[in-house]
Engineer: 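Have a look at this one before I ask anything.
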Amino acid sequence: MNWESIDEYAKKWIKEAGTMIRSSFDKTLNIQTKSDPNDLVTNIDQETEQFFIEKIRNTFPGHQILGEEGFGDKLTSHEGIVWIIDPIDGTMNFVHQQRNFAISLGVYEQGIGMIGLIYDVVHDELYHAKRGQGAFLNEKKLVNLKEKSVNEAIIALNATWVMENHRIDHNLLIPLARDARGTRSYGSAALELVFVATGRIDAYISLRLAPWDVAAGAVIVEELGGIITNLRGEKLDFVNQDSLLASGPGLHSTILHDYLKDGKW
Ligand code: IPD
Ligand code: CA
Ligand code: CA
């Protein structure tokens, strides 16, 4: 498989999609809701996904596609080459703020992440990694993640997870939020993952993400020695929804062992 060529096309298309999204800023959005009144989708999310699907189908007809908006294939496994697309990650930010969102594009082979691209459209910043070849922000090579203790770490997590909720005993995460140097929440999993990759934050925690939220970011973070698992310390399968703990090496095991009881909750 010519991964150079796949990578070149993916980068070209993600930039083109970014240009289209930027030019939508002064047009009226068609906004609809999905699973609940706060789960937003716009015509731009849908058109962007359709743009990628048309390009991929024409250029790589044998590849499979998993896209958030449902225009791709119905996947039950990761046979062959699979493109995993979130056309706009952070749609609520896109609608309310016109910033703090990104396009997320991962390309996997037999379930292994080969290419990860996350494009911060507003800042024209493309985070990209090819398996085994380093991770970059535009042309700049990113450095490997360093060990951090919790009390010098900034940890991104949503306030929902430290309030009573039906996914985790919130009493587990309260001490972590208290012990950390600071907490943040940006509203885009893809951006939170590249913030881990660049050391702007040190860990990102979520109780429920879909494959398209994580696929590209996982390639980038792992390329820098970071660790991506669910909150029980298990590998993700990139087919089903799961929780997420993404961070540098030392901090990952500290959070898992000292706060999450090795996932035995
Ligand atoms: C959402 C964002 C958000 C995360 C949600 C995701 P979307 O993606 O990544 O930060 O907390 O779980 O669904 O819907 O904006 O693509
Ligand atoms: Ca998303
Ligand atoms: Ca999305």
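When a ligand or atom number is given, it counts from 1 through the structure's own listing order.
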Engineer: Would you name the N/O/S atom of Asp213 that lies closest to the Ca ion (ligand 2)?
Structural biologist: OD1

Engineer: Flag yes if Ile205 and Val196 sit in one hydrophobic cluster, no otherwise; membership is Ile, Leu, Val, Met, Phe, Trp, Tyr, and two members link when side-chain heavy atoms are under 4.5 Å apart.
Structural biologist: no

Engineer: Under a 4.0 angstrom heavy-atom cut-off, which atoms of ligand 1 come close to Ser188?
Structural biologist: 9 (O), 10 (O)

Engineer: With nothing but distance in play, are any N or O atoms of Met92 less than 3.5 Å from an N or O of ligand 1?
Structural biologist: no

Engineer: Looking only at distance, does Ala190 have an N or O less than 3.5 Å from an N or O of ligand 1?
Structural biologist: no

Engineer: Do any N/O atoms on Glu68 end up under 3.5 angstrom from N/O atoms on ligand 1?
Structural biologist: yes

Engineer: Considering only protein heavy atoms, which is closest to atom 7 (P) of ligand 1, and at what distance to one decimal place?
Structural biologist: Gly90 N, 3.6 Å

Engineer: Within Asp86, is some N, O or S atom less than 3.0 Å away from the Ca ion (ligand 3)?
Structural biologist: yes

Engineer: When you measure from the Ca ion (ligand 3) to each N, O or S atom of Glu68, which atom gives the shortest distance?
Structural biologist: OE1

Engineer: So how far is it from Asp169 CG to Glu164 CD, rounded to the nearest 0.5 Å?
Structural biologist: 8.5 Å

Engineer: So do Phe195 and Tyr204 actually touch side chain to side chain, heavy atoms under 4.5 Å?
Structural biologist: no

Engineer: According to the interplanar angle, ranging from 0 to 90°, do the rings of His78 and Tyr108 count as parallel (below 30°), tilted (30 to 60°) or perpendicular (above 60°)?
Structural biologist: tilted

Engineer: For residues Leu231 and Trp265, determine if any side-chain heavy atom of one lies less than 4.5 Å from a side-chain heavy atom of the other.
Structural biologist: yes

Engineer: Between Asp45 and Thr91, is any side-chain donor less than 3.5 angstrom from a side-chain acceptor?
Structural biologist: yes

Engineer: For atom 5 (C) of ligand 1, what is the closest protein heavy atom, and at what distance to 0.1 Å?
Structural biologist: Leu209 CD2, 4.2 Å

Engineer: Tyr204 to ligand 1: N or O pair under 3.5 Å?
Structural biologist: no

Engineer: Under 4.0 Å, heavy-atom basis, I'd like to know which part of Ala189 is in contact with ligand 1: side chain, backbone, both or neither.
Structural biologist: both

Engineer: If you count the atoms of ligand 1 from 1 in the order shown, which ones are under 4.0 Å from a heavy atom of Arg208?
Structural biologist: 12 (O)

Engineer: Applying the 4.5 Å side-chain criterion to the ILVMFWY set and letting contacts propagate, would Ile201 and Val162 be lumped into a single cluster?
Structural biologist: no

Engineer: Among Lys34, Gln46, Gln50, exactly one meets side-chain hydrogen bond (donor to acceptor under 3.5 Å, both in side chains) together with Glu69. Which residue is that?
Structural biologist: Lys34

Engineer: Atoms of ligand 1 less than 4.0 Å from Gly187 heavy atoms?
Structural biologist: 2 (C), 3 (C), 10 (O)

Engineer: Name the closest protein heavy atom to atom 6 (C) of ligand 1, giving the residue it belongs to and the distance to 0.1 Å.
Structural biologist: Asp213 OD1, 3.9 Å

Engineer: Determine whether Glu4 and Lys130 make a side-chain contact, defined as any pair of heavy atoms from C-beta on separated by less than 4.5 Å.
Structural biologist: yes

Engineer: May I ask you to check whether Ser188 and Asn100 show a side-chain donor-acceptor distance below 3.5 Å?
Structural biologist: no

Engineer: State, without any angle test, whether Tyr127 and Asn138 hold a side-chain donor-acceptor pair at a distance under 3.5 Å.
Structural biologist: no

Engineer: Asp89: which N/O/S atom is nearest the Ca ion (ligand 2)?
Structural biologist: OD1

Engineer: Could you list the atoms of ligand 1 found under 4.0 angstrom from a heavy atom of Ile88?
Structural biologist: 16 (O)

Engineer: With atoms numbered from 1 as shown, which atoms in ligand 1 lie under 4.0 angstrom from a non-hydrogen atom of Asp86?
Structural biologist: 16 (O)

Engineer: If we set the cut-off at 4.0 Å for heavy atoms, which region of Thr91 has an atom near ligand 1: side chain, backbone, both, or neither?
Structural biologist: both

Engineer: Please list, in number order, the atoms of ligand 1 under 4.0 Å from a heavy atom of Asp89.
Structural biologist: 1 (C), 2 (C), 7 (P), 8 (O), 9 (O), 15 (O), 16 (O)

Engineer: Is the Ca ion (ligand 3) less than 3.0 Å from an N/O/S atom of Ile88, whether that atom is in the backbone or a side chain?
Structural biologist: yes

Engineer: In terms of hydrophobic clusters joined by side-chain contacts under 4.5 Å, are Ile220 and Met114 together?
Structural biologist: no

